[in-house]
Protein chains: 2
Amino acid sequence: MQDKLITTLKNNGYSLTKTRQALFSALLSGKPRTMRELTLDLASVMDRASIYRTVALFEELGIVVRVQQGWKYKVELSDKFSPHHHHLNCTQCGKILSFNEPAGFEKIINNLAEAHLFHLSGHTLELQGLCHNCQTKPTA
Amino acid sequence: MQDKLITTLKNNGYSLTKTRQALFSALLSGKPRTMRELTLDLASVMDRASIYRTVALFEELGIVVRVQQGWKYKVELSDKFSPHHHHLNCTQCGKILSFNEPAGFEKIINNLAEAHLFHLSGHTLELQGLCHNCQTKPTA
DNA sequence: ATATTTTTGCAAATATGTCGCAATTCGTGC
DNA sequence: GCACGAATTGCGACATATTTGCAAAAATAT
């Protein structure tokens with residue numbers, strides 16, 4: 001997977017640096033991270049500004065995407081670097097579960113796009129709710 | 001539609017004030033707005049802090065929702081105040097088409113949430129692509 | 001190893017979001 | 001319409017998040 005990172009960077013005229021590697025590694029687990037989490041985790045490795053710059057660059061190159069979570073967003077590897085999926089966001093504890101393209105979903109949106117003469121290039125599907133844990137706990 | 005706003009406020013023990021009216025009006029067009037747009041548009045009418053407070057209140061009362069649009073969030077009237085819909089975003093000209101819940105969609109996500117022990121409270125579905133016009137034009 | 005170009009760290013500037021409190025506005029009863 | 005208590009707002013001060021300029025450091029090509 002590192003290979004793909006290098007390729008993507010080189011192809012676009014960017015070099016592989018320690019900081020870019022570090023950010024990439026931090027995201028490899030697959031868990032979406034808030035900027036705050038990233039800056040805390042990577043504080044010893046790179047400057048806050050560099051994190052922002054690198055995330056922005058990665059987003060431009062399609063290496064990462066930002067997923068919305070209520071008011072905040074989290075950063076995660078894009079579909080190119082981790083399998084295409086969607087999210088179940090727990091509105092209480094902030095946990096994010098991932099799930100694959102549901103059966104029949106593709107067909108539905110394709111029909112839809114066709115009906116509107118759209119040529120689809122991508123889509124996002126985010127579900128909000130309470131995870132199992134938070135359903136039993138009282139509202140914090 | 002103003003009626004519904006008043007009712008919602010009264011039912012929850014809040015009063016209709018100029019600022020609440022102003023924010024509501026600003027959103028009536030149906031277009032999602034960033035906080036920045038709102039603070040700029042309403043600068044002459046109300047204070048920044050009040051906008052945040054009012055948006056928060058409106059969200060609590062289910063009058064507005066914050067939706068992902070690009071990477072920042074935007075505020076728009078909730079389904080209760082404007083019909084539930086989703087968006088087709090043209091990545092070239094920025095046009096946004098709205099469409100209703102596709103048939104079969106509800107069932108799919110309900111099954112999914114159930115499988116993950118989630119209790120759904122909402123969802124977002126955004127499609128990206130090229131609108132009819134932009135498909136024929138050269139890349140700008 | 002050196003020159004050239006890119007990238008980073010640092011510190012300062014902006015932007016975004018919150019908070020406490022006095023001043024104002026709202027809804028109500030007269 | 002006026003007076004009153006309660007709810008709401010504006011203001012200024014914070015706290016946090018994000019961006020920017022620029023000199024120093026790291027990467028690339030020779």
Side-chain angles (χ1 to χ4, degrees), chain A residues 2-3 5-27 32-61 63-76 91 94 140, chain B residues 2-3 5-27 32-61 63-75:
Chain A
Q2 287 275 110
D3 323 357
L5 171 65
I6 301 177
T7 309
T8 306
L9 287 171
K10 296 278 154 125
N11 284 350
N12 290 278
Y14 296 100
S15 49
L16 177 68
T17 65
K18 280 180 190 167
T19 59
R20 287 173 187 161
Q21 226 169 251
L23 176 64
F24 187 75
S25 301
L27 292 171
R33 303 287 168 75
T34 61
M35 274 298 173
R36 169 157 259 271
E37 288 166 340
L38 286 176
T39 52
L40 290 178
D41 289 356
L42 298 173
S44 59
V45 186
M46 62 197 290
D47 189 72
R48 225 183 28 255
S50 293
I51 298 181
Y52 279 96
R53 280 189 284 233
T54 307
V55 167
L57 174 66
F58 278 14
E59 189 182 33
E60 224 180 281
L61 300 182
I63 297 171
V64 304
V65 294
R66 311 191 198 218
V67 303
Q68 211 59 22
Q69 233 236 318
W71 292 56
K72 310 273 172 134
Y73 65 88
K74 295 189 175 182
V75 180
E76 75 171 357
T91 53
Chain B
Q2 286 276 111
D3 322 356
L5 171 65
I6 300 176
T7 309
T8 305
L9 287 171
K10 296 277 155 126
N11 285 349
N12 289 279
Y14 296 100
S15 50
L16 177 69
T17 64
K18 278 179 191 166
T19 60
R20 289 175 185 158
Q21 227 169 250
L23 176 63
F24 186 77
S25 299
L27 292 170
R33 302 287 168 75
T34 61
M35 274 296 173
R36 169 158 260 273
E37 288 167 339
L38 286 176
T39 51
L40 289 178
D41 288 357
L42 298 173
S44 59
V45 186
M46 61 198 289
D47 187 72
R48 206 155 45 88
S50 292
I51 297 180
Y52 280 95
R53 282 188 285 234
T54 307
V55 168
L57 175 67
F58 277 13
E59 191 182 32
E60 223 179 283
L61 299 183
I63 296 170
V64 304
V65 293
R66 310 190 196 223
V67 300
Q68 170 179 9
Q69 201 93 161
W71 119 24
K72 312 251 174 168
Y73 68 80
K74 295 190 176 181
V75 179

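Proteins get letters first, then strands, A, B, ... in listed order; numbering begins at 1 in each.
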Trainee: Report, as a single string ordered 5' to 3', how protein heavy atoms within less than 4.0 Å touch nucleotides 9-19 of chain C: B base, S sugar-phosphate only, - not at all.
Mentor: BB-----SBBB
Trainee: What's the CZ-P distance between A:Phe58 and C:dT7, to the nearest Å?
Mentor: 11 Å
Trainee: How close or far is atom C1' of D:dT19 from atom CG of A:Leu57, stated in whole angstroms?
Mentor: 16 Å
Trainee: Can you see which heavy atom on B:Leu27 is nearest to which on B:Val75, and at what distance?
Mentor: CD2-O, 3.6 Å
Trainee: Salt bridge check, A:Glu76 against A:Arg33: does any charged N sit closer than 4.0 Å to a carboxylate O?
Mentor: no
Trainee: Kindly state which residues belonging to residues 8-16 of chain B come within less than 4.0 angstrom of DNA chain C, counting heavy atoms of the residue only, listed by number.
Mentor: B:Lys10, B:Ser15, B:Leu16
Trainee: Please report the closest heavy-atom contact between A:Thr39 and A:Ile51, naming both atoms and the distance.
Mentor: CA-CD1, 3.6 Å
Trainee: What is the separation between atom CG on A:Leu38 and atom C1' on D:dA17, rounded to the nearest whole Å?
Mentor: 14 Å
Trainee: Work out which heavy atom in A:Pro32 is nearest to a heavy atom in A:Glu37; give both atom names and the distance.
Mentor: O-OE1, 4.1 Å
Trainee: Can you give me the closest heavy-atom contact between A:Ser15 and A:Arg20, atom names plus distance?
Mentor: O-NH1, 2.7 Å
Trainee: When you compare the side chain of A:Lys18 with that of A:Val45, does any pair of heavy atoms fall below 4.5 Å?
Mentor: no
Trainee: For the residue pair B:Leu61 and B:Thr8, what are the closest heavy atoms and their distance?
Mentor: O-CG2, 4.1 Å
Trainee: Grab the CD-P distance between A:Glu37 and D:dA17 for me, whole Å please.
Mentor: 11 Å
Trainee: Using whole Å, what does the distance between atom C1' of nucleotide D:dA17 and atom NZ of A:Lys74 come to?
Mentor: 17 Å
Trainee: What heavy-atom pair brings B:Ala26 and B:Leu38 nearest, and what distance separates the two atoms?
Mentor: CB-CD2, 4.3 Å
